[in-house]
There are 2 protein chains.
Amino acid sequence: MRLIVARCEVRYTGRLNAVLPNALRLIMIKSDGSVMVHADTGGYKPQNWMTPPTVIEESEGRMVVRKLKGDDRLDIEISEIVSDVTHDMGEAAALEKDGVERDLQELLAEQPHWCGEGLRLVRREWPTDIGPVDLMCRDADDEWIAVEVKRVATIEAVEQLTRYLERIRQDPAMGACRGVLAAQTIKPQARTLAESRGIACVEVDLAVLRGEREPELTLFA
Amino acid sequence: MRLIVARCEVRYTGRLNAVLPNALRLIMIKSDGSVMVHADTGGYKPQNWMTPPTVIEESEGRMVVRKLKGDDRLDIEISEIVSDVTHDMGEAAALEKDGVERDLQELLAEQPHWCGEGLRLVRREWPTDIGPVDLMCRDADDEWIAVEVKRVATIEAVEQLTRYLERIRQDPAMGACRGVLAAQTIKPQARTLAESRGIACVEVDLAVLRGEREPELTLFA
DNA sequence: ACTTAGATTTCGCCG
DNA sequence: CGGCGAAGTCTAAGT
């Protein structure tokens, strides 16, 4: 990884055009060809960048980064170099995440009763022609239930599930299929829209699903 | 800006849990409190990070970054420091962009005929109770046309325009309002859904709108 | 303070 | 390789 602290002006042309006026910034060049231009503020995001695969040309006071395919182009004009160091970092193992939507879906697939009493799983990722339904279940009366799983459920999740239900119900055998929206958090507006469309809402707790915590019972029992 | 190259192990707990095994990485700390952990590959995105506002505690071989509000927490355990430098960068002027959705909307507002023959603009950002329609126009027959502008139009853009049309048509005077989806790129599924709902699709070219390029005519005229 | 919509979204999976 | 959906999305703007 190469770290250059320099006074520079940066131009990006490609999907749009963008200009960074001359100022002191960090230019980070990774060994995979990624180039990022960071200011000392602005958090997280580089002010300008190019993702691999790239071709980097360097000449006196100038660096041109091109995308291997396409017209994207980053022009860095360097007027003063404060520091320029390179570090060999070797391989860094990838990030291991836990608690994303997929984990939630897996846990609910194992314990579908959290989505509704007496539910049993028929299939995960039930295919429709507009995409897969997260969980397809049947209840004690053998009625079909389509479950959409989200970490945070917004109005869009309700629209998504509505589209699926529309398609599923076209099959006469599943004309009575109901919808359930299961999420760690359900936005109030999403809940309102869902209920107005007859879609049930279930807020689930990851720790409870894992048996690490008791489910909260009625507050004033 | 402080740049630390170090062998470290990083744990994030908050919205989810994530672990980065011990390896050589760059720890970037901006003066606004942003903390990013970058590997030498992986482009653009830090492997782990915390956006401001943060509180940073540092002790021997350990750094704890907490969000000022909330339970988010980054634990960096440092086993070896290769380099640790700080640079005063001052202020860096912001990025100036050109070619984002707003520019597209402005250009189409000036030349609404690209959205349909004989169209004239009534108003940009036409207000409805669920948000503003990008462009509201009338055609040669004085019929209303609601235009949704996107850089890249997905199925969500169609849903958005559909919601607007639903509301607009509740007004008896606008009961026949038509919808047009205008974008630089329209995804196939979005086009299919739009057309099945009677919404017209128009792909527009920024360079053509600016008169920098001739519109492509029929290929085999 | 909270919500909504855009982004050079990026990223990963699956066809 | 393209399309689609998730993301610790992030970020800016509006209410």
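In what follows, chains are A, B, ... by sequence order, proteins preceding strands, each numbered from 1.
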In dot-bracket, 5' to 3', how would DNA chain D read with Watson-Crick or G-U wobble pairs under 3.5 Å, [ ] for crossing ones and | for pairs to another strand?
-> |||||||.|||||||
Got a sec: does the CD of B:E212 have more than 12 other heavy atoms crowding it under 6.0 Å?
-> yes
Partners of B:D72 by salt bridge (Lys or Arg N to Asp or Glu O under 4.0 Å), sequence neighbours excluded?
-> B:R15
What do you reckon, is CD of A:E91 surrounded by more than 12 foreign heavy atoms closer than 6.0 Å?
-> no
Considering only the P atoms, how many Å lie between C:dT8 and C:dT4, rounded to the nearest integer?
-> 22 Å
For B:V100, report the nucleic acid contact type (base, sugar-phosphate, nothing); a contact means any heavy atom under 4.0 Å.
-> sugar-phosphate
Which value, rounded to the nearest 0.5 Å, describes the distance between B:Q105 atom CD and B:R124 atom CZ?
-> 4.5 Å
Please check the phosphate of D:dC4 (OP1 and OP2 only) for any side-chain N or O of B:K187 closer than 4.0 Å.
-> no
Is it the case that more than 12 heavy atoms not belonging to B:K67 sit under 6.0 Å from its NZ atom?
-> yes
Taking OP1 and OP2 of C:dT4, is either one under 4.0 Å from a side-chain nitrogen or oxygen of B:R163?
-> no
Do we see a donor-acceptor contact under 3.5 Å between the side chains of B:K30 and A:H38?
-> yes
Closer than 4.0 Å, any side-chain N/O of A:Q189 to the OP1 or OP2 of C:dT4?
-> yes
For B:L104, report the nucleic acid contact type (base, sugar-phosphate, nothing); a contact means any heavy atom under 4.0 Å.
-> nothing
What parts of residues 32-55 of chain A reach DNA chain D, counting only heavy atoms under 4.0 Å away?
-> A:G42, A:G43, A:Y44, A:K45
Nearest-Å distance, CG (A:L161) to C1' (D:dG5)?
-> 15 Å
Which residue lies more 5' along DNA chain C, comparing B:K69 with A:R102 via nearest heavy atoms | B:K69
Just how far, in rounded Å, is P of D:dG8 from CG of B:L74?
-> 13 Å
